[in-house]
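Presented below is the structure to which this report refers.
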Amino acid sequence: MASGDDEVEEAELSPGGRIFHAPRFNCYILSIIGLNTAVDPALLKFGLQQTLIKHPRFSSKLSINGRKMKWTPTIVKLQDHIIIPGLDPNMDSPDQFVEDYISHLTTIPTMDLSKPLWEIHILNIKTSNAQSICVLRIHHSIGDATSLISLLLASTRKTSDSESLPTIPVLKRAGSNASIGFFLAILMMLRTIWNTLVDLILFSATILFLKDSKTPLKGSSGVDLKPKRLVYRIINFDDIKVVKTKMNITINDVMLGVIQAGLSRYLNHECGDNDQNGGKEKQKKMNLQKKTRLRATLLVNLRPTPGIQVASAMAHRFISNTTMALSNVVGPIEEISFYGHPIQFLATSVYGHPHALTIHYQSYFNKMTIVVTVDPDVIPNPHKLCDHLEESLNIIKNAVLDEGFDAA
């Protein structure tokens, strides 16, 4: 069953949602769910009926009347949203097939506006990391990655307790007395004002003239319209926690360091002067240009005053002048199941924005998944980039263990 027209009123799209329907900003979210069992389509369909499609955005279609865009409630026909391709379970390269299948999804420019803007693909083949794969493709106007993943997780349950929702880690703040807390609050306010002023200046400069350096990571004009390739690497969350604990920093700090080091290694390799030595590649000289400007952006909901078209043009120019997009999603701290199917890993990404490189990292239980989405014409071997990211974590972990860092 699904929501009918008389249950939910029409709702106008938010300004952020309208931007994601602009001609050069047609963005989609891809969420990959690796499962420990083969998918039972009937069980999945029953679960979707009881949860996901009861949400207004998943049971409404987009209605466009001139410049007006509204979510109009409709009857959801699940057979139009669940795609089950016929697959050979004994295919030679299932991992490559999944990678190619997801890449093909990015070549489909738009979804059918006569139905809600989401779909789920069931790939019942065994890969190196899972027994089956589900791929959710959702238009970004429905919501951001964090809210959609939260909604998705609300549809899951702990494998240890089929009635309990998953537990998400929360930030713990150290306590302090009132006088110190007031002083810190004043400092935080002043710091926020200063950072906002600096960000506003940099934002304006980036729109007008400040471009990132041309590197093997930066795409050219039109990269937002080109097909993307998505790959992921699952690493041990305990390795990240070792660095976090030893250096007394946050998980985000560790991952930002890993990404910075991994990108540096990749660029050094791509820009270096390499020759062949006995059939083996030997890097003899680093040739990375000095004063390289490489920035990552994170697009959040905008509430523009000059109009959606102007705002989308400004956002497109700003993002085009930077190199990559970077985001993270916090997952549950215990194993969970997706409508009765135990989850092995989660991986989320986005495409349709003017970047040749997007990096997401998502935690789940004792794993961290690094998701790399690229324009293959700019970054032809994203697996090599994943290798550098994974190796960077190992180098950092071994360095803090060898140096004997202690938490403050």
Side-chain angles (χ1 to χ4, degrees), residues 29-55 58 78 81-85 87-91 94-95 97-99 101-102 118-138 145-170 230-241 251 328-349 360-371:
I29 294 172
L30 288 173
S31 184
I32 304 165
I33 307 175
L35 302 170
N36 280 333
T37 61
V39 179
D40 181 346
L43 185 58
L44 179 65
K45 181 178 180 180
F46 177 80
L48 291 172
Q49 288 174 334
Q50 302 303 312
T51 56
L52 199 63
I53 64 173
K54 291 185 177 182
H55 190 281
F58 285 81
L78 278 178
H81 296 269
I82 300 177
I83 295 94
I84 310 176
L87 304 178
D88 177 8
N90 300 315
M91 64 175 64
D95 289 301
F97 172 83
V98 171
E99 184 180 319
Y101 187 94
I102 295 172
W118 64 274
E119 59 193 24
I120 180 169
H121 299 252
I122 299 176
L123 307 180
N124 261 328
I125 53 173
K126 182 180 179 181
T127 67
S128 59
N129 294 311
Q131 296 295 318
S132 62
I133 300 288
C134 283
V135 182
L136 275 76
R137 181 172 177 249
I138 306 170
T146 301
S147 62
L148 291 176
I149 289 298
S150 298
L151 178 61
L152 176 63
L153 292 178
S155 303
T156 66
R157 294 295 184 269
K158 298 179 182 179
T159 55
S160 59
D161 183 354
S162 60
E163 300 298 323
S164 298
L165 291 169
T167 305
I168 305 297
V170 295
L230 184 153
V231 301
Y232 49 86
R233 184 66 53 88
I234 302 173
I235 57 180
N236 192 334
F237 204 178
D238 288 339
D239 291 342
I240 301 170
K241 291 178 180 178
I251 295 295
N328 72 307
V329 179
V330 178
I333 59 177
E334 67 273 296
E335 292 183 305
I336 59 175
S337 61
F338 182 56
Y339 302 125
H341 305 85
I343 293 178
Q344 177 69 16
F345 72 88
L346 296 168
T348 302
S349 191
H360 282 71
Y361 53 97
Q362 176 160 9
S363 62
Y364 169 61
F365 186 41
N366 59 358
K367 308 177 182 70
M368 177 73 80
T369 306
I370 301 176
V371 190

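What you are looking at is a predicted structure, and each value in this text was computed from that prediction instead of being measured.
Considering all non-hydrogen atoms of both residues, Gln49 and Leu78 come closest at CG-CD1, 3.4 Å. Between Tyr364 and Ile343, the shortest heavy-atom distance links the atoms OH-O, 2.8 Å. Taking every heavy atom of both residues into account, Leu230 and Glu99 meet most closely at O-CG, 3.8 Å. Residues His341 and Asp40 share a closest heavy-atom pair of NE2-N, 2.9 Å. Across all non-hydrogen atoms, the minimal contact from Thr37 to Gln131 is N-CB, 3.7 Å. Closest non-hydrogen pair, Asp238 versus Asn236, comes out as N-OD1, 2.8 Å.
Take Tyr361 and apply the ring-ring contact (aromatic ring centres under 6.0 Å, His included) test, not counting sequence neighbours, and it matches no residue. Take Arg233 and apply the salt bridge (charged side-chain N to carboxylate O under 4.0 Å, His left out) test, not counting sequence neighbours, and it matches Asp387, Glu390. Applying the side-chain hydrogen bond (donor to acceptor under 3.5 Å, both in side chains) criterion to Ser349, with sequence neighbours excluded, gives Thr373. Every residue two or more places apart in sequence or in another chain was checked for a ring-ring contact (aromatic ring centres under 6.0 Å, His included) with Tyr339, and none qualifies. Shown here are the salt bridge (charged side-chain N to carboxylate O under 4.0 Å, His left out) partners of Glu119, two or more places apart in sequence or in another chain: Arg137.
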| said: Please evaluate residues Thr348 and Val371 with respect to the criterion side-chain contact (heavy atoms from CB on, under 4.5 Å), reporting the C-alpha separation (whole Å), side-chain torsions for both, the decisive distance (0.1 Å), and the verdict. | reply: CA-CA 7 Å; Thr348 302; Val371 190; 5.8 Å; no
| request: Quick one: do Asp239 and Met368 satisfy side-chain contact (heavy atoms from CB on, under 4.5 Å)? Show the steps, please. | output: CA-CA 10 Å; Asp239 291 342; Met368 177 73 80; over 6 Å; no
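Thr369 contributes no side-chain N or O that, together with a main-chain N or O of Ile234, makes up a donor-acceptor pair within less than 3.5 Å. Without hydrogens or angle criteria, Asn124 side chain to Val39 main chain gives a donor-acceptor distance under 3.5 Å.
The NE2 atom of His121 sits 8.5 Å away from atom CG of Leu30, with the distance rounded to the nearest 0.5 Å. Rounded to the nearest 0.5 Å, atoms CD1 (Ile32) and CG (Leu123) are 9.5 Å apart. Atom-to-atom distance recorded for Asn129:CG and Lys367:NZ is 9.5 Å, nearest 0.5 angstrom. Distance check, rounded to the nearest 0.5 Å: CD1 of Ile235 to CG of Asn366 gives 11.5 Å. The CG atom of Leu136 lies 12.0 Å from the NE2 atom of His81; values are rounded to the nearest 0.5 Å. Residue Ile120 holds its CD1 atom at 5.5 Å from CG of Leu48, rounded to the nearest 0.5 Å.
A heavy-atom distance below 4.5 Å is found between the side chains of Pro41 and Ile84. When side chains are defined from C-beta on, Ser132 does not count as touching Ile122, because their heavy atoms never get closer than 4.5 Å. Using a 4.5 Å cut-off on side-chain heavy atoms (C-beta onward), Leu35 and Ile133 make no contact.
Relative ring orientation between Phe345 and Tyr232 is described as tilted, the plane-to-plane angle lying within the 30° to 60° band. In this pair, His55 and Phe58 present their aromatic rings perpendicular. The plane angle is above 60°, beyond the 30 to 60° band.
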Pairs of donor and acceptor atoms involving the side chains of residues 330-338, under 3.5 Å and at least two apart or interchain, shall be tabulated with distances.
from   : atom 1 : to     : atom 2 : distance (Å)
Glu334 : OE1    : Thr167 : OG1    : 3.1
Glu334 : OE2    : Thr167 : N      : 2.6
Ser337 : OG     : Arg157 : O      : 3.4

